[in-house]
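The structure under discussion appears below in the form of C-alpha cells.
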Amino acid sequence: MRKIAILIAMMLCCCTLLAACNSGDGPQGEQPSATGLSVWSKDSTTHVMQDEVYDDAFKGAAEYRVFGGRGEYEAAQLVITAASDAPVSAYDLEVSDLKCGDAVIDNEKYIEVSSSPSELSTGTGWYSDALLPFDTAVAYGENKVEAGKNQGIYIETFIPRAAAAGEYKGEFTLTIDGEAYAIPASVTVYDFDVSQESHLQTDWINVLRAFGELDSTAAMTQTYFEAIASFRASTHSMNIGTSDPDVWLENVRKYTNPNLRDENGKPLLGEKDTYLAQINLPSAYDASKGIDYNTFDTYVSRLIAASVQDKYDYLA
C-alpha cells in the first residue's frame, strides 16, 4: 500500500476495540470557515497531486472511514486545500478514542515530475514522495500548505488480531492555524482474519540503498530488510547475504518459523509482523564463474542443521 502523505500508524488496542463497538450515526465533519479553505477525504490508493484543482465530485466528506479484517492495515487520506489567496501556516492532527498509546506521524514531502517518457505514466506534476517524522517537519517548519495547494494526511490503522467484529467510532481533531475542526472517525472490523503467513514469493533487490542512505552497514541493511518485511515481502538473500551467515540464519528462523518462541514463551514476531513465504539463498554469484558453491554450501548446511534443531523443515 502506497504511503502518500502524513502517515499516522495507529495502534488500536484490543481493550479499546472490545469495549467501544457500537453502531449508529456519528458526529459530522466540520468544514473550515475561511473562504476557499477546505478539508476533504480520499481513498488511500489515489494520487492527490499537490498542485491540481479538484472538483467536488472528486472529494469525499471530511471524515476518516476504513474497513478491514483482523491483522490487516487499512488507510485513507484527509486532504487540506489551502485558499487560493491564503496559505496555511501550520496544521496538526490529533487522533483519539480509537487507539491506546501514541500515534506515529510522518510528514509527506512532494517531488516534481517535470517530464515523463512512459505512455503508462500518470503525468507530470507534484507527487507525494518521501515521509518525514512529524516532529522533524514541525522543527523544519514544513507543516504548512501553500496558497491554492493540497496537502494529504495519510492515516493508517492496524486492526488487532484479537479485535471483535463491529464498528468503532470516535473523533479526530484537525487544527489549522490555531482553529480546531472535528473529524468523524470510524473503523469497521470484519469477522475474518488476515493470515500472518505470506504466500507471495518475493526477492526485492536492495543493494543500491547505499546511494540514498550513504550507509551500507549491516545495521542499515537490517533496517531495510525489516521495513520491507513489514510489507509482507523479502529482500534479496534474506538481507544479510554472505557477510554473516549466522545473522542470515537468525533472520530466516525468525521470519519463516511460526513455532519459535522467546524465553517468555511469546512468538518471535509480533502480531503486526509477517512470516515470509520463501528463503533466498546467498550464492556469491559471478557472471564469469557462476555460483560459488562453497558459499552456497555454507548456507544450505546451516539450514539443514537448523531444521534438525528446530524440528522444522526450512528446506521446504
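Between Tyr127 and Met49 there is a side-chain heavy-atom pair separated by less than 4.5 Å.
In the displayed structure, Arg253 atom CZ is contacted under 6.0 Å by more than 12 heavy atoms of other residues, nucleotides or ligands. The environment of OH in Tyr293 is sparse: at most 12 heavy-atom neighbours from other residues, nucleotides or ligands sit within 6.0 Å. Counting non-hydrogen atoms of other residues, nucleotides and ligands closer than 6.0 Å to CD of Glu146 gives a total of 12 or fewer. Residue Tyr312 qualifies as enclosed at atom OH: its count of foreign heavy atoms under 6.0 Å is above 12.
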Under the side chain to side chain contact (heavy atoms under 4.5 Å, CB included) criterion, do Asn259 and Asp310 qualify, and how do the steps go?
CA-CA 9 Å; Asn259 302 322; Asp310 296 343; over 6 Å; no
Assess the residue pair Ser89 and Asp177 against the criterion (side-chain hydrogen bond (donor to acceptor under 3.5 Å, both in side chains)); give the C-alpha distance rounded to whole Å, side-chain angles, the decisive distance to 0.1 Å, and a yes or no.
CA-CA 6 Å; Ser89 60; Asp177 288 338; 2.5 Å; yes
Worked check of side chain to side chain contact (heavy atoms under 4.5 Å, CB included) between Leu303 and Leu249
CA-CA 7 Å; Leu303 283 185; Leu249 179 62; 4.2 Å; yes
With side chain to side chain contact (heavy atoms under 4.5 Å, CB included) as the test, would you mind laying out the steps for Val187 and Ile159 before giving the verdict?
CA-CA 9 Å; Val187 176; Ile159 301 174; 4.3 Å; yes
Evaluate Ile291 against Tyr285 for side chain to side chain contact (heavy atoms under 4.5 Å, CB included), listing each step before the verdict.
CA-CA 4 Å; Ile291 290 175; Tyr285 177 80; 4.2 Å; yes
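A pairwise comparison of heavy atoms in Pro184 and Ala62 identifies CD-O, 3.4 Å as the closest pair. Val66 and Glu74 make their closest contact through CB-CB, 4.0 Å (heavy atoms, listed as atom of the first residue, atom of the second, distance).
Between the side chains of Glu179 and Tyr181, a donor-acceptor pair is found at a separation under 3.5 Å. There is no side-chain donor-acceptor pair under 3.5 Å between Asp203 and Gln278. In this structure, a donor-acceptor pair under 3.5 Å is present between the side chains of Thr157 and Tyr64.
Between the CD1 atom of Ile228 and the OG1 atom of Thr223 there is a distance of 11.0 Å, given to the nearest 0.5 Å. To the nearest 0.5 Å, the span separating CD on Gln196 from CZ on Arg232 amounts to 8.5 Å. Between Trp40 atom CH2 and Leu78 atom CG the span is 10.5 Å, to the nearest 0.5 Å. Distance check: Gln77 CD to Ile153 CD1 gives 10.0 Å after rounding to the nearest 0.5 Å. Taken from CG in Leu269 to CD in Glu197, the straight-line distance is 10.5 Å, to the nearest 0.5 Å. In this structure, OH in Tyr54 is found 10.0 Å from NZ in Lys59, a value given to the nearest 0.5 Å.
No donor-acceptor pair under 3.5 Å is formed between the side chain of Thr295 and the backbone N or O of Ser283. Side-chain atoms of Asn264 do not come within 3.5 Å of backbone N or O of Lys266 as any donor-acceptor pair. Judged by distance alone, the side chain of Asp297 and the main-chain N or O of Asn294 form no donor-acceptor pair under 3.5 Å. Thr202 contributes a side-chain N or O that, together with a main-chain N or O of Ser234, makes up a donor-acceptor pair within less than 3.5 Å. Asn150 places no side-chain N or O within 3.5 Å of a backbone atom of Thr81 that could act as its donor or acceptor partner. Distance alone, capped at 3.5 Å, places no donor-acceptor pair between the Asp292 side chain and the Asp286 backbone.
Among Tyr314, Phe225, Trp248, the one residue that satisfies the ring-ring contact (aromatic ring centres under 6.0 Å, His included) test with Tyr255 is Phe225.
Relative ring orientation between Phe67 and Tyr190 is described as parallel, the plane-to-plane angle staying below 30° on a 0-90° scale split at 30° and 60°.
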